[in-house]
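The structure appears below as structure tokens.
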There are 2 protein chains.
Amino acid sequence: MDLENAKAQMRKGVLEMCVLAVVAERETYPPEIIERLEGASLPMKEGTLYPLLVRLKSDGLVDYVWREGIKGPPRKYFTITAEGRAFLGELAASWRELVSAVDRTLALPASRQGQPPGEPPPLLHIEPQRPPDDERS
Amino acid sequence: MDLENAKAQMRKGVLEMCVLAVVAERETYPPEIIERLEGASLPMKEGTLYPLLVRLKSDGLVDYVWREGIKGPPRKYFTITAEGRAFLGELAASWRELVSAVDRTLALPASRQGQPPGEPPPLLHIEPQRPPDDERS
DNA sequence: ACAAGTACTTTGTTTTGCAAGGTACTCGTT
DNA sequence: AACGAGTACCTTGCAAAACAAAGTACTTGT
């Protein structure tokens, strides 16, 4: 069963936007970002997040400072830049467009559940699973 | 600017579901599937669709028959199977979950636009862009 | 000292969409 | 008959991205 795989695939495209959104909320460091995304049912792994943050940084969408804590190693605290905030706005708009496009598409079969095709193709029926007379290639 | 890239990334995860939804609506053949998805602002290329249909077929989610037309080469007409319809239902449910998870995440920074962080981290501030005292690795 | 904990980083694998190119069939024209 | 155009299906090689897993480095507690 690869429902899980399909769900993961759907998540992939939105992770960048979601990370940007989490950083936009307030300054954070990577483990906290992961924690918050998991809390929102959007699991993300270290090996995904760190390279993504590098990309966001080099695109000028986020910035960071090193901060030393009471204990443990220093952390990279990320903030969103003005450019990043603008880009997030565009991403969110694209996201909403996608959602409505997909919902429109999903609505189609719902209204036809179990019905015969509305317009049977005006074509001859050949026996299934076999090209008419030749193995193409 | 890679907004287009980001949009493409977001689309990726849902193409499988959308193709399944289009096939679920009624029997079709690949060029028509592409046409309908494009009509729904969900562009998809041949090189993406054909391998995807092979995958769906070998997973038992769709089936096809060869049909010969009045003109042109024969076409593979695809239909959704019972299993495919069930799977589409699960995909759609996962999709809705994802949408609400993402919308929840996007809502966060909206309520804080341009405000200072609500809870300044209780940590010492180090000068930016530099690890405290060592080049790690 | 040494183990454990935390944070950041890197490497290699897998998946997937896509551009580009290829094959095969039909039809209309010459 | 031959040929070019149109249509449909398929394949190959590449690029982007998520992830598993392993690695480095600093701090703290024993």
Side-chain angles (χ1 to χ4, degrees), chain A residues 2 4-19 28-35 37 42-57 59 64-78 121 123-124 126 129-137, chain B residues 2 4-19 28-35 37 42-57 64-78 121 123-124 126 130-137:
Chain A
D2 61 14
E4 277 316 309
N5 181 11
K7 289 171 72 169
Q9 288 304 318
M10 296 195 295
R11 263 193 304 258
K12 280 187 181 182
V14 296
L15 288 183
E16 177 175 347
M17 175 175 63
C18 290
V19 166
T28 13
Y29 66 102
E32 196 182 38
I33 294 174
I34 289 173
E35 206 177 292
L37 287 176
L42 292 166
M44 176 173 224
K45 302 302 165 54
E46 271 194 339
T48 302
L49 181 58
Y50 283 102
L52 173 54
L53 287 171
V54 168
R55 236 182 299 150
L56 294 176
K57 172 71 169 83
D59 286 350
Y64 66 80
V65 285
W66 284 99
R67 288 203 155 106
E68 212 166 60
I70 304 302
K71 52 171 293 188
R75 302 167 173 174
K76 271 183 168 176
Y77 276 87
F78 288 84
L123 298 161
L124 302 171
I126 311 288
Q129 251 58 321
R130 218 66 211 125
D133 54 297
D134 183 23
E135 276 301 345
R136 323 170 122 253
S137 123
Chain B
D2 61 13
E4 278 315 310
N5 181 11
K7 288 169 74 169
Q9 287 303 317
M10 296 195 295
R11 263 194 303 260
K12 279 190 181 181
V14 297
L15 287 183
E16 178 175 345
M17 175 173 64
C18 291
V19 167
T28 14
Y29 67 103
E32 195 183 36
I33 294 173
I34 289 174
E35 207 177 291
L37 287 176
L42 292 167
M44 176 173 223
K45 302 303 165 49
E46 272 193 339
T48 302
L49 181 58
Y50 284 102
L52 174 54
L53 286 171
V54 168
R55 236 181 300 148
L56 293 176
K57 172 72 168 81
Y64 66 80
V65 285
W66 284 98
R67 288 202 154 105
E68 213 167 59
I70 305 301
K71 52 171 294 187
R75 300 168 174 173
K76 270 184 170 177
Y77 275 87
F78 288 84
L123 298 162
L124 301 171
I126 310 289
R130 218 65 212 127
D133 53 298
D134 182 24
E135 275 302 345
R136 325 170 120 254
S137 121

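Letters go in sequence order (proteins before strands), and every chain restarts at 1. Because only heavy atoms are used, hydrogens play no part in the values below, and waters and symmetry mates are left out as well, while side chains stay in.
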Which nucleotide sits closest to the side chain of [X]: [options]?
X: B/K12; options: C/dA7, D/dT11, C/dT16; result: C/dT16
X: A/P30; options: D/dC9, D/dC19, C/dC8; result: C/dC8
X: A/L15; options: C/dG5, C/dC27, D/dA18; result: D/dA18
X: A/K45; options: C/dA7, D/dA20, C/dC18; result: D/dA20
X: B/Q9; options: D/dT11, D/dA16, C/dT10; result: D/dA16
X: B/Y50; options: D/dT7, D/dC9, C/dC8; result: D/dC9

What is the minimum heavy-atom distance between [X] and [Y], and which atoms define it?
X: B/M10; Y: B/V14; value: O-CG2, 4.3 Å
X: B/K45; Y: B/I34; value: C-CD1, 4.3 Å
X: A/L49; Y: A/P30; value: CD2-O, 3.5 Å

Protein-nucleotide distance ([X], atom [atom1]; [N], atom [atom2]), rounded to Å:
X: A/E68; N: D/dT28; atom1: CD; atom2: C1'; answer: 13 Å
X: B/L56; N: C/dT16; atom1: CG; atom2: C1'; answer: 13 Å
X: B/Y29; N: D/dC10; atom1: OH; atom2: P; answer: 15 Å
X: A/L52; N: C/dT9; atom1: CG; atom2: P; answer: 13 Å
X: B/K7; N: D/dA17; atom1: NZ; atom2: P; answer: 16 Å
X: A/E46; N: D/dA20; atom1: CD; atom2: P; answer: 11 Å
X: A/E35; N: C/dC8; atom1: CD; atom2: P; answer: 13 Å
X: B/N5; N: D/dC14; atom1: CG; atom2: P; answer: 20 Å

Notebook entry, point to check: Heavy-atom distance under 4.5 Å between the side chains of B/W66 and B/K76, does that happen here?
Noted result: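 Yes. Closest side-chain heavy atoms under 4.5 Å.
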Notebook entry, point to check: Does B/K76 put a side-chain nitrogen or oxygen below 4.0 Å from OP1 or OP2 of D/dC10?
Noted result: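 It does, given that an N or O in the side chain of B/K76 lies less than 4.0 Å from OP1 or OP2 of D/dC10.
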Item checked: Passing candidate, ring pair (Phe, Tyr, Trp, His ring centres under 6.0 Å) with A/Y64, options A/F78, A/Y77, A/Y50 ->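 For A/Y64, the ring pair (Phe, Tyr, Trp, His ring centres under 6.0 Å) test succeeds with only one of A/F78, A/Y77, A/Y50, which is A/F78.
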Next item on the list: Could you say whether B/R11 or A/V54 is positioned toward the 5' end of DNA chain C, judged by the nucleotide with the nearest heavy atom to each?
Entry: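 Its nearest nucleotide being more 5', the pick is A/V54.
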Check: Which residue, A/T48 or A/K71, contacts DNA chain C at a nucleotide closer to its 5' end, judged by nearest heavy atom?
Finding: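 Whichever sits nearer the 5' end wins; that is A/K71.
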Item checked: Which residue lies more 5' along DNA chain D, comparing B/F78 with A/R55 via nearest heavy atoms ->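 In this pair, the answer is B/F78.
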